Amino acid sequence: MTENNRPVRVRMAPSPTGSFHLGSARTALYNWLWTRHTGGKFLLRIEDTDQSRYAPGALQDITDSMHWLGLDWDEGPDVGGDYGPYVQSERLALYHQWVNWLIEHGHAYRCYCSEERLNALRVEQQARKADAIGYDRHCRFLTAEQRAELEASGSPSVVRFAMPLEGETAYTDILRPTRSVENRKILDPVILKSDGYPTYHLANVVDDHFMEITHVLRGDEWLNSVPLHVNLYRAFGWEPPIYAHLPLILDPGGEGKLSKRKKRADGQEILTYVEEYRDAGYLPDAMFNFLSILGWAQSADNDLFSRAEAVAAFDIHDINASPAALPISKLDWMNGQYIRALDTPVLTELLIPFLSRDLGIAEDALRAHPALPFIAPLVQERIKTLADAASLVDFVFADKIDYDPTMLIAKGLDAAGSLAALEAADGVMRSLPFTEEALEPALRALATDLGLKPGQLFGILRVALTGKNVAPPLFGSMMALGNEETLARIEDAKTHLCKLVEGSPSDRGEPTP
RNA sequence: GGCGGAUUCGUCUAGAGGCCCAGGAUAUCGCCCUCUCAAGGCGGAGACACGGGUUCGAAUCCCGUAUCCGCUACCA
């Protein structure tokens, strides 16, 4: 399993520049899965080498999102480990040491070219459609005197890697065929910036080496950098890790990188950050399962599986190298599956923050509310996300409900007929214990006695109690409302119907749907 | 422009030369169940990007073409 015969050590290396992207989450997940499958170690390393893009709070958001998804790490800035520090800005001395080593051994050099020169160079290259666009290696061939002069004048400088000028570099990604590139096409990239911070290329190679990383599973956008990284390893005399570049997650239309500022075909917003999915009411287990199947299959004929099953079956060699459009409808379905599998008390607990947020009721008040225990069973098989619940049960928590009274007129009946049915139902209900077991058969029998279909009678009651034509099951709704409120709402409905009857004395008036 | 990657039902995928006139899932459509809505059950329609090879035989191998995506920064 471990092609290089070392215990598996992999890492997730986010840069704290923003919230945790869904694509990053999947990368983290596959890394995690690989270590849990192999019994290896999963490390979290923070790549904060770009001071200009540093976002305070991003790190917290990233770790929160990973925790939420259930991805725990064995070594990292918060949990420690033998290979620290795990934050790159705290490892600057190490990078300087190895950059100096490269310079001393002729694998790197200081470059004093100005931004203006570099820009002009790029513009010129683009204009003549040059084969390779990049640095012209100008400073690589400075004489010792020129160099000394530049240093003496205090010119700012960066350090560039001196690529071999001839030959090719073959590189392997376990998900793709081995390829090779001409070394001269890699134009001496910057490895140490003028502010003293390393670029990704250097920091990444140095850290992966000293942290004894065996497998690098990272985003596809790094694939073109592999030959550079391989050359860095060679210059140092180190062994490169095994690479697997993970395909991008595309937007639901499959038109490009998943990103903000895009809308779905149905006008819905496309969620791109893990925290957004959390706030939209998706469950961590469902997200975990969902992210897993974006580029990997646990089995040929089943999409629903637990973490343990994923861990048991996972193999990086089975990852699909083609990019995937985000299948939102499948996520919705899957989340519904996970919600339905929950124990009712657990669902209730999960629902509280969402109901509180969406209904504007304090969590404490919600917990103390007599209707609370009835809510989860009412919505469990009707919601795809936790956030769907509020609009289904808002009538339970409303002080009063508003609806068009004509909705109380049942199909096939007029106002008077509906009123008679409702009054009969009211009478039956008052004579019985307020339980589903007692009420449902009795009202069914009543419908038959009145020559109505259950749906006609129940429909009147549904509108009376909820103000809606579409609502959760009737008798469960009654229990949530409680005896008193149920009868009060029926009372109100009777009043509405009375007015309708008086208002339209034409006895055979067609009911408005 | 250069370089790199990818290409199986709308979408997520299974598939590593005969098991595939391509399997699963989701979405969609229909039927059943049913107090509405769901959930559930059953069924339908739906794909190997295109063109050449190689082979007795190709979704699977090779070569082109097309399309999409990525990289081409003192960002990661």
Side-chain angles (χ1 to χ4, degrees), chain A residues 13-15 17 47-50 52-53 111 113 115 118-119 122 125-135 156-160 173 175-177 179 181-182 185-187 189-201 203-204 218-227 245 247-248 250 252-257 265 290 293-297 299-304 318 320-334 336-337 340 379-384 392 440 443-444 447 453-463 466 468-475:
Chain A
S15 42
T17 55
E47 309 215 325
D48 57 343
T49 57
D50 185 349
S52 65
R53 290 208 308 159
C111 167
C113 290
E115 201 182 324
L118 263 16
N119 288 150
R122 191 165 26 249
Q125 287 167 332
Q126 276 161 352
R128 64 158 219 270
K129 301 191 195 311
D131 269 14
I133 292 173
Y135 189 53
S157 64
V158 299
V159 176
R160 290 182 181 275
D173 175 296
L175 305 180
R176 303 171 173 84
R179 300 278 166 171
V181 295
E182 291 182 74
K185 298 213 165 159
I186 301 173
L187 301 173
V190 172
I191 55 175
L192 190 73
K193 300 182 254 188
S194 57
D195 63 1
Y197 279 72
T199 60
Y200 173 87
H201 306 296
N204 178 259
R218 77 230 300 188
D220 212 9
E221 67 269 25
W222 294 110
L223 189 55
N224 286 319
S225 302
V226 176
H245 289 85
L248 259 33
L250 272 23
E255 284 153 9
K257 231 174 174 173
F290 174 69
I293 64 167
L294 248 48
W296 177 71
S299 75
D301 54 13
N302 177 37
D303 284 337
L304 245 23
D318 295 336
N320 186 159
S322 58
L326 195 71
I328 290 287
S329 60
K330 197 156 185 168
L331 202 214
D332 286 339
W333 163 77
M334 191 170 272
Q337 293 289 319
R340 261 161 260 137
V379 302
Q380 188 153 23
E381 51 184 44
R382 264 160 275 270
I383 57 177
K384 289 184 158 56
L392 244 31
E440 176 161 2
L443 288 176
R444 272 183 199 286
K453 289 182 183 165
Q456 289 174 292
L457 212 214
F458 292 0
I460 300 169
L461 286 164
R462 169 170 296 109
V463 172
T466 70
K468 307 174 191 192
N469 284 317
V470 174
L474 186 61
F475 297 93

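Remember, it's a predicted structure, so these values are computed and weren't measured experimentally. By convention in this document, chain letters (A, B, ...) are assigned in the order of the sequence lines, proteins followed by strands, and residues within each chain are numbered from 1.
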A.B. asks: My understanding is that a pair needs two contacts under 3.5 Å, Watson-Crick or G-U wobble. By that rule, which nucleotide pairs with B/C48?
C.D. replies: none

A.B. asks: Could you measure between the two P atoms, the one in B/G70 and the one in B/U28, and give it in whole Å?
C.D. replies: 29 Å

A.B. asks: Rounding to a whole Å, what distance do you find between A/His245:NE2 and B/C69:P?
C.D. replies: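 To the nearest whole Å, that distance equals 21 Å.
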
A.B. asks: Provide the distance between the two C1' atoms, one in B/C74 and one in B/G5, to the nearest whole Å.
C.D. replies: 27 Å

A.B. asks: Is there a Watson-Crick or G-U wobble partner for B/A6 with both distances under 3.5 Å, and if so, which one is it?
C.D. replies: B/U67

A.B. asks: So, OP1 or OP2 of B/G4: does either fall under 4.0 Å of a side-chain N or O from A/Arg176?
C.D. replies: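 No, no such contact exists.
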
A.B. asks: Output yes when at least one side-chain N/O atom of A/Arg382 is less than 4.0 Å from OP1 or OP2 of B/U36, else no.
C.D. replies: no

A.B. asks: Strictly by Watson-Crick or wobble contacts shorter than 3.5 Å, is anything paired with B/U60, and which nucleotide is it?
C.D. replies: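 The answer is none; no pair meets the criterion.
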
A.B. asks: Figure out the CG/P separation between A/Leu187 and B/G2, and round it to whole Å.
C.D. replies: 16 Å

A.B. asks: When the C1' atoms of B/A58 and B/G15 are compared, how many Å lie between them, rounded to an integer?
C.D. replies: 13 Å

A.B. asks: Hunt down the Watson-Crick or G-U wobble partner of B/G1, both distances under 3.5 Å, from any strand shown, or write none.
C.D. replies: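 With both distances under 3.5 Å, B/G1 matches B/U72.
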
A.B. asks: When rounded to the nearest 0.5 angstrom, what distance separates OG in A/Ser322 from CG in A/Leu175?
C.D. replies: 10.5 Å

A.B. asks: Let me know the distance between CG of A/Asn469 and P of B/U34, rounded to the nearest Å.
C.D. replies: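 My rounded result for the distance is 21 Å.
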
A.B. asks: Which of the following nucleotides, B/C35, B/C74, B/A6, is nearest to the side chain of A/Pro323?
C.D. replies: B/A6

A.B. asks: It should be established whether A/Asn320 places a side-chain nitrogen or oxygen under 4.0 Å from OP1 or OP2 of nucleotide B/A14.
C.D. replies: yes

A.B. asks: Quick one: closest heavy-atom pair of A/Arg160 and A/Leu118, and the distance?
C.D. replies: NH2-CD2, 3.8 Å

A.B. asks: Closer than 4.0 Å, any side-chain N/O of A/Lys330 to the OP1 or OP2 of B/U13?
C.D. replies: no

A.B. asks: Looking at A/Ser194 and B/C74, is any side-chain donor or acceptor paired with a base atom of the opposite kind under 3.5 Å?
C.D. replies: yes

A.B. asks: Of the nucleotides B/G5, B/C12, B/C74, which has the atom closest to the A/Leu118 side chain?
C.D. replies: B/C74

A.B. asks: What is the distance, to the nearest angstrom, from the OH atom on A/Tyr197 to the C1' atom on B/C74?
C.D. replies: 14 Å

A.B. asks: Starting the side chain at C-beta, find the nucleotide from B/A27, B/G40, B/A76 nearest to A/Gln337.
C.D. replies: B/G40

A.B. asks: With the side chain of A/Glu381 defined as its heavy atoms from C-beta on, choose the nearest nucleotide among B/C35, B/A14, B/A39.
C.D. replies: B/A39

A.B. asks: Please state the C1' separation for the pair B/A14 and B/U60 - nearest whole angstrom.
C.D. replies: 13 Å

A.B. asks: Tell me whether the side-chain N/O atoms of A/Thr49 come closer than 4.0 Å to OP1 or OP2 in B/A76.
C.D. replies: yes

A.B. asks: Please confirm whether the shortest side-chain N or O distance from A/Gln126 to OP1 or OP2 of B/A73 is below 4.0 Å.
C.D. replies: no

A.B. asks: A/Arg444 side chain N/O closer than 4.0 Å to the phosphate oxygens (OP1, OP2) of B/C35?
C.D. replies: yes

A.B. asks: Distance check, C1' atoms only: B/A39 and B/C33, in whole angstrom units.
C.D. replies: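 Per the computed distance, 11 Å lies between those C1' atoms.
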
A.B. asks: Sticking with atom P, work out how far B/A22 lies from B/A47, rounded to a whole angstrom.
C.D. replies: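 About 9 Å, rounded to a whole number of Å.
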
A.B. asks: What is the distance from CG of A/Asn224 to C1' of B/A6, rounded to the nearest Å?
C.D. replies: 13 Å

A.B. asks: From B/A73, B/A25, B/U13, pick the nucleotide closest to the side chain of A/Ala324?
C.D. replies: B/U13

A.B. asks: Base, sugar-phosphate alone, or nothing: which one does A/Trp296 contact when heavy atoms must sit under 4.0 Å apart?
C.D. replies: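 Here A/Trp296 touches no strand at all.
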
A.B. asks: Would you measure the distance from the P atom in B/C68 across to the matching atom in B/A45 and give it in whole Å?
C.D. replies: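 Comparing P positions in B/C68 and B/A45 gives a spacing of 32 Å.
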
A.B. asks: From CG of A/Leu248 over to P of B/C69, roughly how many Å is that when rounded to an integer?
C.D. replies: 11 Å

A.B. asks: Do NZ/NE/NH1/NH2 and the carboxylate oxygens of A/Asp173 and A/Arg179 come within less than 4.0 Å?
C.D. replies: no

A.B. asks: Please report the distance separating the P of B/A38 from the corresponding atom of B/G30, rounded so that it comes out in whole Å.
C.D. replies: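 After rounding to an integer number of Å, I get 13 Å for this pair.
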
A.B. asks: So, is A/Lys193 near the phosphate of B/A76, with a side-chain N or O under 4.0 Å from OP1 or OP2?
C.D. replies: yes

